[in-house]
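Computed from a predicted structure; not experimentally measured.
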Amino acid sequence: PLQAKSPNALTRATAFLHREYEKTWYWWEAVELARKLVLTGFVLLIPEENAFIRLLVATLICSFYAVVLAVVRPYKRVEDDCLAVATSFVLLLFFLTANWTTIF
């Protein structure tokens with residue numbers, strides 16, 4: 001119903017999840033939530049003795065997500081796309097700085 005552009009009760013009730021995205025990327029919020037879950041939860045499953053590996057995994061996830069976000073541009077508004085890419089790169093810089101401080 002969402003891709004067919006025929007709204008029903010379900011699409012109207014869940015509009016807050018997909019309203020800001022292009023029609024083809026209506027599921028992007030699930031990707032965003034999965035990224036947050038991996039960065040805040042699953043990375044902590046790596047033992048604390050391997051803190052550098054935790055940071056490395058988080059850095060790789062952030063860099064992959066930032067590149068995919070810049071290529072896909074899932075938001076309807078260009079400003080939202082730019083803001084999402086910018087915040088992803090800021091988070092990536094944070095992890096790169098953390099990696100650098102653990103090395104030296």
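Under the 4.5 Å side-chain heavy-atom criterion for ILVMFWY residues, no single connected hydrophobic cluster contains both V78 and V85. Under the 4.5 Å side-chain heavy-atom criterion for grouping Ile, Leu, Val, Met, Phe, Trp and Tyr, V90 is not connected to L96 through any hydrophobic cluster. Under the 4.5 Å side-chain heavy-atom criterion for Ile, Leu, Val, Met, Phe, Trp and Tyr, W27 and V68 are members of the same hydrophobic cluster. Note: the hydrophobic cluster containing L83 does not contain V72 (ILVMFWY, side chain heavy atoms under 4.5 Å, direct or indirect links). Each of L37 and L33 belongs to its own hydrophobic cluster when Ile, Leu, Val, Met, Phe, Trp and Tyr are linked at side-chain heavy-atom distances under 4.5 angstrom.
Inter-residue side-chain proximity for L56 and F95 is flagged as unmet; no heavy-atom pair is nearer than 4.5 Å. Under the 4.5 Å side-chain criterion, counting only non-hydrogen atoms from C-beta, D81 is in contact with P74. Counting heavy atoms from C-beta on, the side chains of L91 and L39 come closer than 4.5 Å.
Between E22 and R73, the shortest heavy-atom contact is CG-O, 4.4 Å. A pairwise comparison of heavy atoms in C62 and L92 identifies CB-CD1, 4.1 Å as the closest pair. Heavy atoms only, all atoms of each residue included: T101 and A98 are closest at OG1-O, 2.9 Å.
Ring pair W25/W28 is perpendicular by interplanar angle, where above 60° counts as perpendicular and below 30° as parallel.
The structure places CG of L69 at 6.5 Å from OH of Y75, a figure rounded to the nearest 0.5 Å. Atom CD of residue E20 and atom CZ of residue R77 lie 7.0 Å apart, to the nearest 0.5 angstrom. Here the CG-CG distance, from L55 to N99, works out to 5.0 Å after rounding to the nearest 0.5 Å. Interatomic distance, CZ of R35 versus OG of S88, reported as 5.5 Å (0.5 Å rounding).
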Could you give me the CA-CA distance, side-chain angles and deciding distance for Y65 and V31, then say whether side-chain contact (heavy atoms from CB on, under 4.5 Å) is met?
CA-CA 9 Å; Y65 181 77; V31 173; 4.2 Å; yes

Evaluate side-chain contact (heavy atoms from CB on, under 4.5 Å) for I103 paired with F52, printing each intermediate quantity in order.
CA-CA 8 Å; I103 291 173; F52 182 73; 3.7 Å; yes

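Here the side chain of R54 pairs a donor or acceptor atom with the backbone of L44 at under 3.5 angstrom.
More than 12 heavy atoms of other shown residues, nucleotides or ligands fall within 6.0 angstrom of atom CD in E79. By the neighbour-count criterion of 12 heavy atoms within 6.0 Å, atom CZ of F94 is sparsely surrounded, having that number or fewer from other residues, nucleotides or ligands.
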